[in-house]
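Taking it in order: structure first as structure tokens, then the write-up.
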Amino acid sequence: MMTSKNERSARALEMLRYQAEHYQAIGRGAMSQQINAQIRRLVDEMNAGAVKA
């Protein structure tokens with residue numbers, strides 16, 4: 001079954017949030033910051049798509 005782009009984005013967002021928490025917990029702050037930047041980009045893309053719809 002095909003999933004919508006929004007569902008794929010939501011899953012990717014949850015995965016990135018988990019990874020960011022993991023790297024923060026093990027003391028890899030730089031990697032956590034990179035992942036948080038990816039999260040911000042993805043959220044911005046999702047919000048831009050929501051405005052168009």
Side-chain angles (χ1 to χ4, degrees):
M1 183 172 152
M2 296 291 289
T3 58
S4 72
K5 183 177 180 181
N6 197 29
E7 289 173 341
R8 287 190 305 268
S9 295
R11 287 182 183 169
L13 185 61
E14 289 304 312
M15 181 185 68
L16 288 170
R17 285 181 174 155
Y18 171 80
Q19 289 177 348
E21 288 177 19
H22 170 75
Y23 283 117
Q24 186 67 37
I26 63 170
R28 299 279 310 269
M31 188 65 164
S32 179
Q33 288 177 352
Q34 288 178 352
I35 293 172
N36 281 321
Q38 291 177 337
I39 290 170
R40 285 190 297 277
R41 282 192 296 271
L42 182 57
V43 168
D44 288 346
E45 288 176 14
M46 290 172 71
N47 288 337
V51 171
K52 290 180 184 177

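Residue numbers run from 1 in the order of the sequence given. Keep in mind it's a predicted model, so treat the numbers as computed, not measured.
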Next item on the list: Could you grab the distance from atom CD of Gln19 to atom NE2 of His22, nearest 0.5 Å is fine?
Entry: 8.5 Å

Next item on the list: May I ask you to decide whether Glu14 forms a salt bridge with Arg17, counting only side-chain N to carboxylate O separations under 4.0 Å?
Entry: yes

Next item on the list: Of all the heavy-atom pairs spanning Ala20 and Ser32, show the shortest one and how long it is.
Entry: O-OG, 3.3 Å

Check: Do Met15 and Ile26 belong together in a cluster built from hydrophobic side chains that touch within less than 4.5 Å?
Finding: no

Check: Which heavy-atom pair separates Ser9 from Leu42 by the least distance, and what is that distance?
Finding: O-CD2, 3.6 Å

Check: Roughly how far, to the nearest 0.5 Å, is CD of Gln33 from CD of Gln24?
Finding: 8.0 Å

Note to self: If I take atom CD1 from residue Ile39 and atom CD from residue Gln34, how far apart are they, to the nearest 0.5 angstrom?
What the structure shows: 12.0 Å

Checklist line | Residue pairs, two or more places apart or on separate chains, that pass salt bridge (Lys or Arg N to Asp or Glu O under 4.0 Å) and touch residues 19-42 | finding: none

